[in-house]
Amino acid sequence: MEIKDAKYLISNADVAKCPVHGKPEYAFIGRSNVGKSSLINMLTGRKSLAKTSQTPGKTLLINHFTINNGEWYLVDLPGYGYAARGMKQREEIQRIIENYIFKRECMTCLFLLIDIRIKPQKIDLDFIEWLGENGIPFVIVFTKADKMSKMAVHDAVERYKKVLEVHWDILPKMIVTSSVKKDGRTELLDFIEETNRQVEAERKEESQNEEESAEASASTEDNNKEETKPE
């Protein structure tokens, strides 16, 4: 897939005010300072599309970006697990995240970003478990792979697999990325492109089924009218 156009669209805290478009939407989420903005900029090929900051926890809203003139949408969700936030703000962030995940019908897949340098953390594992329990489609995206050797990256991924295998029969899809070296960009875009095709095929099939059902219903109604005509 080639990204020819990527633009910031809107930010808000209310899922009811998110754009109405009916196209696939891919949301990025992860702990604060995991590198979401850098990954979004690398993926889209736009250096400053998403604002990066040295201060963790700056993303507090649902940020929408339109890709290829509305073919699909990219969403930057608030980061979770930033200890410096007060209880009230953490609860508000949780509310925003849960409302988006549960109420946003066009949310096609959630990209869960995890810093590959850090051993499996309870907060991430709990979130993964929660996603699985609620049937949320997601992909684990490891970030900052350029800061480790290839062998260390491989070992880190295997460590995560072993931890998840305790509760998961089929492991979630995992993609290793580096915003610096652009590792994982092609794999992410290929996944999005293939998923978009599947979504479009399902919509066409659903539309065709609805048309056939309507035609069958109309035919049955006409037959019933014919049978009830007085002789």
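Counting from 1, the numbers follow the sequence of the chain as shown. None of the values given here were measured: they were computed from a predicted structure.
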If I take atom [atom1] from residue [X] and atom [atom2] from residue [Y], how far apart are they, to the nearest 0.5 angstrom?
X	Y	atom1	atom2	value
Ser149	Asp155	OG	CG	7.5 Å
Ile192	Glu194	CD1	CD	12.5 Å
Asn134	Glu129	CG	CD	10.5 Å
Leu49	Ile3	CG	CD1	9.0 Å
Ile123	Arg31	CD1	CZ	5.5 Å

With side chains defined as the heavy atoms from C-beta onward, is the minimum distance between [X] and [Y] less than 4.5 Å?
X	Y	value
Ile175	Val139	yes
Glu205	Gln208	no
Phe111	Ile40	no
Arg159	Lys162	no
Phe28	Val141	no
Met174	Leu164	yes
Ile29	Leu112	yes
Tyr8	Arg46	no

Thr108 side chain to Glu25 main-chain N or O, any donor-acceptor pair under 3.5 Å?
-> yes
Would you confirm whether Asn68, through its side chain, and Glu2, through its main-chain N or O, come within 3.5 Å as a donor-acceptor pair?
-> yes
Return yes when atom NE2 of His154 has more than 12 non-hydrogen atoms of other residues, nucleotides or ligands closer than 6.0 Å, and no otherwise.
-> no
Report, as yes or no, whether the 6.0 Å neighbourhood of atom CD on Glu133 holds more than 12 heavy atoms from other residues, nucleotides or ligands.
-> yes
Would Lys17 and Ile10 satisfy side-chain contact (heavy atoms from CB on, under 4.5 Å), going step by step from the backbone distance to the final call?
-> CA-CA 10 Å; Lys17 296 179 181 178; Ile10 193 173; over 6 Å; no
Would you mind listing every side-chain hydrogen bond (donor to acceptor under 3.5 Å, both in side chains) that reaches into residues 113-127, with sequence neighbours excluded?
-> Tyr80-Asp124, Asp115-Arg117, Lys122-Asp126
Is Met151 isolated, or which residues cluster with it under the ILVMFWY side-chain rule of less than 4.5 Å, directly or via members?
-> none
Minimum heavy-atom separation for [X] and [Y], please, with both atom names.
X	Y	result
Ala145	Val153	O-CG2, 3.7 Å
Gly45	Arg185	N-NH2, 4.1 Å
Ser179	Met42	O-CG, 3.6 Å
Gly184	Thr177	CA-CG2, 4.1 Å
Cys18	His64	SG-CE1, 3.5 Å
Pro78	Ile96	CG-CG2, 4.1 Å

If you group Ile, Leu, Val, Met, Phe, Trp and Tyr by side-chain heavy-atom gaps below 4.5 Å, do [X] and [Y] land in one group?
X	Y	answer
Tyr100	Ile67	no
Leu171	Ile136	yes
Leu77	Ile114	yes
Val15	Trp130	yes
Tyr73	Met1	no

Under 3.5 Å, is there a donor-acceptor pair between the Asp146 and Ser178 side chains?
-> yes
Salt bridge [X]-[Y], side-chain N to carboxylate O under 4.0 Å:
X	Y	result
Glu92	Lys88	no
Lys173	Glu187	yes
Glu206	Arg203	no

Option passing side chain to side chain contact (heavy atoms under 4.5 Å, CB included) with Tyr26 (candidates Leu43, Leu188, Thr195) | Thr195
Exactly one of Thr143, Asp76, Asn41 clears side-chain hydrogen bond (donor to acceptor under 3.5 Å, both in side chains) with Lys36, and that residue is Asp76
Stepwise ring pair (Phe, Tyr, Trp, His ring centres under 6.0 Å) test for Tyr160 and Trp168 | CA-CA 12 Å; Tyr160 250 96; Trp168 290 73; over 10 Å; no
Begin with the C-alpha distance, continue with both residues' side-chain angles, and end with the deciding distance and a verdict on side-chain contact (heavy atoms from CB on, under 4.5 Å) for Met148 and Ile116.
-> CA-CA 9 Å; Met148 299 172 68; Ile116 198 166; 3.6 Å; yes
